[in-house]
2 protein chains.
Amino acid sequence: MISLSNLYHVVEAMVPLYAAMALGYASAKAKAFSPEQCAGINHFVAVFAIPLLTFRMISSNDPYAMNLRFLAADSLQKLTALAGFAAWARLAKKENALAWAVTIFSLVTLPNTIIMGVPVLEGMYGAVSDSLMAQTVVLQFALWFIVVVFLLEYMAAKSAVASRSQLADAEAQLDADEEEGWPSALRILAVAAKKILKLPNTYSSMLGFSWSLIAFRLHLKLPPIIDNSLSIISVSAVGLAMFSVGTFMARRKRFILCGYKLALLAMIARFVVGPAVMAATSLAVGLRGVFLRVGIVQAALPLAVLSFVYAEEYNVHADIMSTGFDFNTLFPCQLIFYISIKFCITSTNQSLISAGSLWAFCYQFLLHSSTTLC
Amino acid sequence: MISLSNLYHVVEAMVPLYAAMALGYASAKAKAFSPEQCAGINHFVAVFAIPLLTFRMISSNDPYAMNLRFLAADSLQKLTALAGFAAWARLAKKENALAWAVTIFSLVTLPNTIIMGVPVLEGMYGAVSDSLMAQTVVLQFALWFIVVVFLLEYMAAKSAVASRSQLADAEAQLDADEEEGWPSALRILAVAAKKILKLPNTYSSMLGFSWSLIAFRLHLKLPPIIDNSLSIISVSAVGLAMFSVGTFMARRKRFILCGYKLALLAMIARFVVGPAVMAATSLAVGLRGVFLRVGIVQAALPLAVLSFVYAEEYNVHADIMSTGFDFNTLFPCQLIFYISIKFCITSTNQSLISAGSLWAFCYQFLLHSSTTLC
């Protein structure tokens with residue numbers, strides 16, 4: 001049986017996030033903030049608040065006490081998905097098969113860990129999830145987003161050659177490469193690295209991880225005066241980010257930019273395939289108990305904001321990615337979804353996992369459709 | 001003797017505030033944020049973050065356990081200053097004597113309680129100061145800012161009659177009043193109340209105070225889910241406000257807009273006269289120990305941001321008020337000032353109060369002058 005306390009913990013963790021988002025939505029709808037002013041808040045979140053939060057999160061995580069089984073399950077989930085979608089891309093032989101592969105890979109395996117993951121999972125499973133989320137964040141920023149940017153850069157370079165378009169950067173790279181013979185993987189990697197190095201979060205992740213390596217080896221701690229200077233900004237990250245998502249949603253002309261069929265596929269990818277693959281790889285590497293549950297629930301979180309940012313920057317299925325955001329409007333459905341998923345995976349009968357997820361998903365999609373159609 | 005731990009507590013409380021301000025200053029100087037984007041952040045602070053922080057602060061303060069002696073000292077300081085400056089305004093018989101009286105009254109008696117007062121005083125005197133600051137905030141918002149707006153409105157109405165200028169609101173009021181006979185004090189009070197009711201902070205103060213009256217009588221507490229929804233935004237107030245002050249300072253053409261003589265007078269008013277009057281009225285009502293110290297130090301905080309906002313809105317000595325902000329740039333001087341003042345008022349020899357304040361002030365002013373001149 002799902003207890004009232006279970007229900008309350010999930011509600012307690014999620015309501016403040018949605019309160020901040022609703023405030024942003026209402027503010028932008030009421031035109032209390034101009035689009036440029038909203039951009040200012042968003043810029044503050046992206047450049048200062050989230051990078052500082054990421055640094056504090058990663059730097060306070062003991063890198064010598066990582067849960068290797070959890071990380072193995074997470075990595076295996078992403079590798080399985082990547083290999084699967086790459087194989088499908090090859091077999092499909094469509095022109096934009098790789099773009100689809102990258103989009104589906106991002107949808108399936110890259111959840112919103114920092115903004116939603118930490119508060120929601122802490123509400124559901126307590127402090128144990130904090131450390132696990134920090135470990136996921138390290139890998140996500142230090143490895144997986146680099147893979148995504150690498151693939152997007154590869155596509156951009158390929159399409160630049162095909163169309164001789166005005167991608168000045170890529171073009172210059174390709175010209176240089178042509179003299180040498182196309183674009184080598186190494187060179188694309190360099191371009192991808194350059195992109196990644198423009199993101200403040202990359203530096204904060206790397207610095208945070210480096211500091212954690214030193215600090216936990218030598219038993220050092222950040223002096224409170226420095227930690228407080230970072231936290232005076234980083235504490236604003238979650239509230240401001242959700243506020244910003246709210247203003248973004250209010251300013252869009254309509255939801256479901258990509259049509260219902262693709263929206264359905266996107267939601268299946270994010271909320272069924274993702275957790276299902278994670279459940280499978282977790283069970284495969286022998287992950288059990290609360291670690292298994294945290295693994296599955298974090299895989300069922302909404303889309304990582306950065307995935308949407310990249311999709312928009314490279315103009316690769318940004319419409320589908322933005323649909324990932326729509327889920328945020330459906331607070332009651334989302335609530336039911338997380339309560340269901342928590343119920344399913346805590347129940348002793350493991351076979352309920354898929355059935356429960358599927359039920360929650362269908363319920364939520366029906367509600368989504370009816371809300372949007374009304 | 002001033003101990004290292006004393007020093008450290010003040011530094012620890014102030015460095016994060018200045019880190020946030022420096023970040024704002026550097027961001028605006030580096031043009032990482034456009035003026036409109038800065039305005040967006042400032043608007044968020046003014047409309048959501050500070051009002052919610054004010055609400056949480058006031059609503060968590062037990063109104064049935066207020067320190068009446070502390071409030072009496074605070075009120076007496078303001079009444080003394082108001083009466084003194086009003087008398088001076090009458091005696092001086094200058095055309096703008098009342099404007100000067102309001103400006104000096106604001107400078108002398110209205111410190112920045114919410115953004116700087118709470119963290120700095122908590123660093124210096126611990127949690128006991130939180131409740132005292134909340135009590136000061138209640139009176140400041142529920143009474144003293146209304147008095148200031150009333151006087152400013154009175155001047156605006158007077159000058160509208162004198163010059164038949166285009167103050168549409170005031171004019172309409174006056175026309176109505178002329179039929180009846182001047183604008184009556186009651187009518188000016190109504191206009192002032194209207195102004196005050198446009199400020200989100202007024203609502204949050206009143207709501208917070210009303211809720212505290214109910215909650216502490218009936219032993220109710222805000223449900224964590226509501227409190228967390230408020231705090232997800234309110235935690236951003238201090239960092240964002242200091243960031244915003246930093247961007248504001250970076251965008252000004254020069255410091256000391258009002259000239260050195262007036263700047264000197266403004267700083268004497270804020271950092272010597274204010275605490276000195278507070279010390280006198282505190283001793284007069286029998287305030288002793290930590291309450292006396294908190295009273296004096298809070299009276300020596302930088303200028304209330306709202307005083308500057310009003311001065312700019314009514315165009316009454318905004319240049320002098322903005323100089324109140326300049327003090328924020330002088331972190332090392334300010335640090336020495338607070339450490340000195342703490343040292344002086346904790347020392348058993350009470351006569352050191354005035355001498356110490358004066359010394360700290362002179363030191364800081366010399367540094368100020370040399371910094372600005374270089």
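Numbers restart at 1 for each chain; the letters A, B, ... are given by sequence-line order, proteins then strands. Side chains are part of it too, since the values below use all heavy atoms of this structure and drop only hydrogens, waters and symmetry mates.
When every heavy atom of A/Glu36 is checked against every heavy atom of B/Glu36, the shortest pair comes out as CG-CG, 3.0 Å. Minimum interatomic distance between B/Gly40 and A/Ile41 (heavy atoms only, all atoms of both residues): O-CD1, 3.8 Å.
The CG atom of B/Asn228 sits 14.0 Å away from atom CE of A/Met14, with the distance rounded to the nearest 0.5 Å.
Counting heavy-atom pairs closer than 4.5 Å to chain B, the top residue among A/Val235, A/Leu23, A/Leu17 is A/Leu23. Comparing A/Leu230, A/Ile233, A/Leu240, A/Val238 by how many heavy-atom pairs each has under 4.5 Å with chain B, the most go to A/Leu240. Ranked by non-hydrogen atom pairs under 4.5 Å with chain B, the options A/Pro224, A/Ser231, A/Ala19 are led by A/Pro224.
Heavy-atom distances place no part of B/Ser234 under 4.5 Å from chain A, backbone and side chain included.
Using non-hydrogen atoms only and a strict 4.5 Å limit, the part of residues 42-57 of chain A facing chain B consists of A/His43, A/Phe44, A/Phe48.
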